[in-house]
**Q** 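Structure incoming, see below.
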Protein chains: 2
Amino acid sequence: MSTASGGVSPGVRGEAKRRSVVEAATRAFLSEGYGAASMDAIAAEAGASKRTVYNHFPSKRDLFRAVVARLYEGLNAPGRVPSDRAPAEALTAFAHGLLTHLRRPEVTGLLRLVAAEHRRFPELSQDLMREGKGPAVAPLEAYLAALDARGELRVPSPPAAASLFLGGIKEALFWPGLFGLPVPEDGPVVDNAVRAFLRGHRVGEPRGTVTRAPDTPS
Amino acid sequence: MSTASGGVSPGVRGEAKRRSVVEAATRAFLSEGYGAASMDAIAAEAGASKRTVYNHFPSKRDLFRAVVARLYEGLNAPGRVPSDRAPAEALTAFAHGLLTHLRRPEVTGLLRLVAAEHRRFPELSQDLMREGKGPAVAPLEAYLAALDARGELRVPSPPAAASLFLGGIKEALFWPGLFGLPVPEDGPVVDNAVRAFLRGHRVGEPRGTVTRAPDTPS
DNA sequence: CTCTAAGTACACTGCACAGTGTAGTGCAAT
DNA sequence: ATTGCACTACACTGTGCAGTGTACTTAGAG
């Protein structure tokens, strides 16, 4: 009757099976997509009976959402900016770290899922921004703001600058891969982007450049 | 028996039905995805009988490929660069044109399809680059090369510069939309990207900048 | 040993869908 | 009018899959 005798703790043993189901489902959804992944295959791959799967998750949708939620949690690998190094090195390191992060199969698969299923599961999009992109670029924006505050660089709008910088890199080195296309070597592209960024944000610019935030609407 | 009497021309009448089937299939695939679109629904929406659909296309895969091929053809709306205007204006105009092009439902839907189905249909990716992206950015690269040749701007590697420029814009204004996320207003972001680009490619740079192509592999 | 929660094996329902077969209809050209 | 073709209506097969029901087994806690 007591909590300690009847339930011990709610699912110490069941938790293991549950995890293996979620892991198998993750692999299935990431590689096959929502529609093509079958519950029978997931159960088999998890070494569980189909009934057990349905005892943990009432429906395929629920299992899918659990999978995506867990993927978002595992996404927390926000590249740090080595701010003790010179800006060129710091930016280069951050860029490479972010690329490594973005190109993990879980991330590319998740992006493909969100894009493909954003009609059936509109709520996934919102979480993607909040839990994925936001935390990933925040350190860069903070670093740029610090550079600006120290007077090392002129960065009127860190978010805009970060977006420009990362977009320039991802355009060649990340997005093509999402569509199964080949990507060029990282090094030269990143170096070029870093040079362009530093050239564009030097202090002591003569004139004709941005001196305030890039004029977002009033 | 003769070609002129027996066949008249191969399918003058049948061509109309075929087109309406392809159009209905296009709508279905773009909005539902490959797996979720049903042949029954496509036939109904095309005002055709299911048998007619299968008389024109032996399988769902074939219909899908016909749809994608036709989408690639219709993609030929490569934004021109108004090269008679000042660089700032020309780049701004091109950017807005490209964004309009990219955000058409056919394009976003096609990208989602290619990303989602690139396991089942690997061949789609190759065509996407050749028929979609290549033609779209070529005018910009040519324009940048011309600016460099005229000595108006220093653009050592037009492809790299174009990629950096467009990536910076698409990062904020295009990719989020592909995932169902809101995008900010175009104007400020584009203006900012154009300013940054011009600042980074002025002639008469002191030193420490790129003077040759950014070192793509030998 | 005994009780109970969690898991298993497996047969089964219901459905949606790709693809086929067939008998018949509308529409041109000769 | 006749011939031939594209199209239709519709029934039908086969399959794969989400989800359920049930009787049986395992494993830990007292």
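From a predicted model like this one, the values you see are computed outputs, not experimental measurements. Quick note on labels: first sequence line is chain A, next is B, and so on, each numbered from 1.
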**Q** Quick check for you: among D/dG19, D/dA9, C/dA9, whose closest atom lies nearest to any side-chain atom of A/Ser49?
**A**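 Out of D/dG19, D/dA9, C/dA9, the nucleotide with an atom closest to A/Ser49's side chain is C/dA9.
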**Q** Separation of A/Asn55 atom CG from C/dT8 atom P, in whole Å?
**A** 10 Å
**Q** Rounded to the nearest angstrom, tell me the gap between atom CE in B/Met39 and atom P in D/dT15.
**A** 19 Å
**Q** When you get a sec, tell me which of D/dC7, D/dA18, D/dA9 is the closest nucleotide to the side chain of B/Arg51?
**A**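 Of the candidates, D/dA9 comes closest.
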**Q** Would you indicate what A/Ala37 reaches in the nucleic acid, counting non-hydrogen atoms under 4.0 angstrom: base, sugar-phosphate, or nothing?
**A** sugar-phosphate
**Q** Counting side-chain heavy atoms from CB outward, which of D/dG21, C/dC17, C/dG7 is closest to B/Asp40?
**A**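 For B/Asp40, the side-chain atoms sit closest to C/dC17.
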**Q** Is there a donor-acceptor contact under 3.5 Å from the side chain of A/Thr92 to the main chain of A/Ala88?
**A**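 Yes, A/Thr92 side chain to A/Ala88 backbone: donor-acceptor pair under 3.5 Å.
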**Q** Among the nucleotides D/dC7, C/dA18, D/dA18, which one has an atom lying closest to any side-chain atom of A/Ser38?
**A**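 Of the candidates, D/dA18 comes closest.
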**Q** Distance check needed: D/dG16 P versus A/Ile42 CD1, whole Å only.
**A** 17 Å
**Q** I'd like to know if the side chain of B/Asp62 pairs up with that of B/Ser59 as donor and acceptor (distance under 3.5 Å, no hydrogens or angles considered).
**A** yes
**Q** Select from A/Tyr54 and B/Lys17 the residue whose nearest nucleotide in DNA chain D is closer to the 5' end of that strand.
**A**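 Whichever sits nearer the 5' end wins; that is B/Lys17.
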**Q** Hey, does B/Gly35 reach any base, or is it just sugar-phosphate, or nothing, if we go heavy atoms under 4.0 Å?
**A** nothing
**Q** CZ of B/Arg19 versus C1' of D/dC7: gap in Å, rounded?
**A**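 It works out to 18 Å between those atoms.
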**Q** Please check if the side chain of A/Arg112 supplies one atom and the backbone of A/Leu178 the other of a donor-acceptor pair under 3.5 Å.
**A**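 The answer is yes, because a donor-acceptor pair under 3.5 Å joins these two groups.
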**Q** In whole angstrom, what separates A/Lys50's NZ from C/dT13's P?
**A**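 The answer, rounded to whole Å, is 14 Å.
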**Q** Taking the side chain of A/His56 as heavy atoms from C-beta outward, which of D/dT8, C/dT8, C/dG7 is closest to it?
**A**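 Ranking D/dT8, C/dT8, C/dG7 by closest atom to the A/His56 side chain puts C/dG7 first.
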**Q** Is the closest basic N to carboxylate O distance between A/Arg70 and A/Glu106 below 4.0 Å?
**A** no
